[in-house]
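Here, residue 1 is the first one in the sequence, and each next residue gets the next number.
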Amino acid sequence: NRSSDLLRVAQKLGFSSGSIDEAVDHMTKMYQLFIEKDISMLEINPFAEDAHGRIVCMDCKITFDDNASFRQRDVFALKDWSQEDEREVRATKANLNYIGLDGSIGCLVNGAGLAMATMDMIKLHGGEPANFLDLGGGAQQEQVTQAFHILSQDKRVLAILVNIFGGIMRCDVIASGIIAAASEIDLKIPLVVRLQGTQVDDAKLMIANSGLKILACNDLDEAAKMAVRLSNIVQLAREASVDVKFQLPI
């Protein structure tokens, strides 16, 4: 059983006979805490016995499962947001899966696998992604708009690449969010959009009729290459203190 397993662990760790019960008690409480609080890592190091036979926990590291935040509200309420990336804080509040990176091409994608593939294609063509941003399968227009706000306010972002495969997520919903966001924030940097899947024809028509400067691509390779080239143009213009405006071909 668990007690006998922990007793063997304590013995293997070399605790003295006078302290072994206390060591087992500590490990039992660690296990209970691990389960009750949805902990993904609980590390005590050093976990030691001093010269007087007392068990001492010298240092502790704990990480909690983000997916259990709804169950562990008291724990997550203690989080110090000032220590987090401001972009990631905003994304969390909008229920977006976001990780900030150091590149210049903002990515907005649905699905973690597609997001990784999109970043790989950007790097293949000589660019660097500015973020990992996964809308997931159930994003609504407001979340798409929030995603654009996060990307557009990142000064490192010189171009935005949207890559959506409409399976669960409908392309026309994404298109509505793109149009609303681009109109609302008066986007100054190039926006490349690749949409495929459910309601894609409606989405493309919406984008074409929006009057906005959105570069539509049918192929991911083409879209990634376009985003990298445009980001390079913007970078060169900024370095030369020159303003650049993009005009879509007729």
Side-chain angles (χ1 to χ4, degrees), residues 66 81-136 139 141-165 169 174-175 177-195 207 212-217 219-246:
D66 290 337
W81 290 102
S82 67
Q83 300 299 311
E84 302 293 327
D85 186 316
E86 184 180 344
R87 299 169 297 175
E88 295 180 15
V89 173
R90 293 189 62 189
T92 299
K93 292 178 179 177
N95 284 324
L96 296 169
N97 297 316
Y98 179 96
I99 299 172
L101 302 173
D102 296 326
S104 62
I105 300 174
C107 303
L108 195 157
V109 188
N110 68 322
L114 190 60
M116 296 297 290
T118 302
M119 292 192 294
D120 285 344
M121 291 302 292
I122 288 171
K123 292 178 74 70
L124 178 66
H125 291 293
E128 290 291 337
N131 63 275
F132 169 98
L133 199 164
D134 171 20
L135 283 173
Q141 180 177 322
E142 176 59 27
Q143 285 176 289
V144 178
T145 304
Q146 286 295 324
F148 266 92
H149 276 289
I150 293 167
L151 295 180
S152 65
Q153 291 175 10
D154 185 345
K155 293 182 179 180
R156 285 172 289 195
V157 172
L158 305 179
I160 295 176
L161 172 58
V162 177
N163 184 23
I164 300 296
F165 178 77
M169 170 61 68
I174 294 292
I178 292 171
I179 293 167
S183 302
E184 181 182 329
I185 65 180
D186 189 24
L187 199 62
K188 301 291 187 183
I189 56 177
L191 172 57
V192 181
V193 176
R194 184 255 185 176
L195 300 173
I207 289 172
L212 299 171
K213 297 176 181 178
I214 300 173
L215 294 139
C217 297
D219 178 77
L220 174 55
D221 184 69
E222 175 192 359
K225 190 182 299 182
M226 178 73 73
V228 171
R229 287 175 176 173
L230 291 172
S231 70
N232 289 338
I233 291 171
V234 175
Q235 179 65 42
L236 288 170
R238 287 188 180 179
E239 289 174 355
S241 299
V242 174
D243 188 23
V244 59
K245 295 182 179 179
F246 292 89

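- With values rounded to the nearest 0.5 angstrom, F148 atom CZ is found 10.0 Å from I179 atom CD1.
- Taking NE2 from H125 and CG from N232, the interatomic distance works out to 12.5 Å, rounded to the nearest 0.5 Å.
- Closest approach of Y98 and L133 over heavy atoms only: CD1-CD1, 3.6 Å.
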Subject >> CA sep, side-chain torsions, deciding dist, call: H149, E184, side chain to side chain contact (heavy atoms under 4.5 Å, CB included) >> reply: CA-CA 9 Å; H149 276 289; E184 181 182 329; 3.0 Å; yes
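- Side chains of L108 and I178 form no contact here, defined as non-hydrogen atoms less than 4.5 Å apart.
- With sequence neighbours excluded, no residue forms a side chain to side chain donor-acceptor pair (under 3.5 Å) with N131.
- Taking each heavy atom of L161 and A224 in turn, the nearest pair found is CD2-CA, 4.1 Å.
- Closest of all the heavy-atom pairs between A227 and A159 is O-CB, 3.8 Å.
- For the atom pair CE (M226) and CD (E222), the distance works out to 6.0 Å, reported to the nearest 0.5 Å.
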**OP:** Under the side chain to side chain contact (heavy atoms under 4.5 Å, CB included) rule, what do V162 and I214 come out as? Steps first, then yes or no, please.
**Re:** CA-CA 10 Å; V162 177; I214 300 173; over 6 Å; no
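- At distances below 3.5 Å, not a single donor-acceptor pair connects side-chain atoms of D134 with backbone N or O atoms of N110.
- In this structure, I189 CD1 and I233 CD1 are separated by 13.5 Å, a value rounded to the nearest 0.5 Å.
- Distance CD1/I99 to SG/C107: 12.0 Å, rounded to 0.5 Å.
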Original post:
What's the verdict on side chain to side chain contact (heavy atoms under 4.5 Å, CB included) for L96 and I150, showing C-alpha distance, side-chain angles and the deciding distance?
Top reply: CA-CA 10 Å; L96 296 169; I150 293 167; 4.1 Å; yes
**OP:** Start with the C-alpha distance between R238 and L158, add both sets of side-chain angles, then the distance that settles side chain to side chain contact (heavy atoms under 4.5 Å, CB included), and finish with yes or no.
**Re:** CA-CA 10 Å; R238 287 188 180 179; L158 305 179; 3.0 Å; yes
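- Annotation for F132 and A115: closest pair CE1-CB, 3.5 Å, computed over non-hydrogen atoms.
- The one candidate from I122, I160, T118 that meets the side chain to side chain contact (heavy atoms under 4.5 Å, CB included) condition with I105 is I122.
- Residues L101 and M119 form a side-chain contact, since some pair of their non-hydrogen atoms from C-beta on lies under 4.5 Å apart.
- With rounding to the nearest 0.5 Å, the separation of CZ in R194 from CG in D221 is 10.5 Å.
- No donor-acceptor pair under 3.5 Å is formed between the side chain of S183 and the backbone N or O of A180.
- With sequence neighbours left out, the side chain to side chain donor-acceptor pair (under 3.5 Å) criterion links Q153 to R90.
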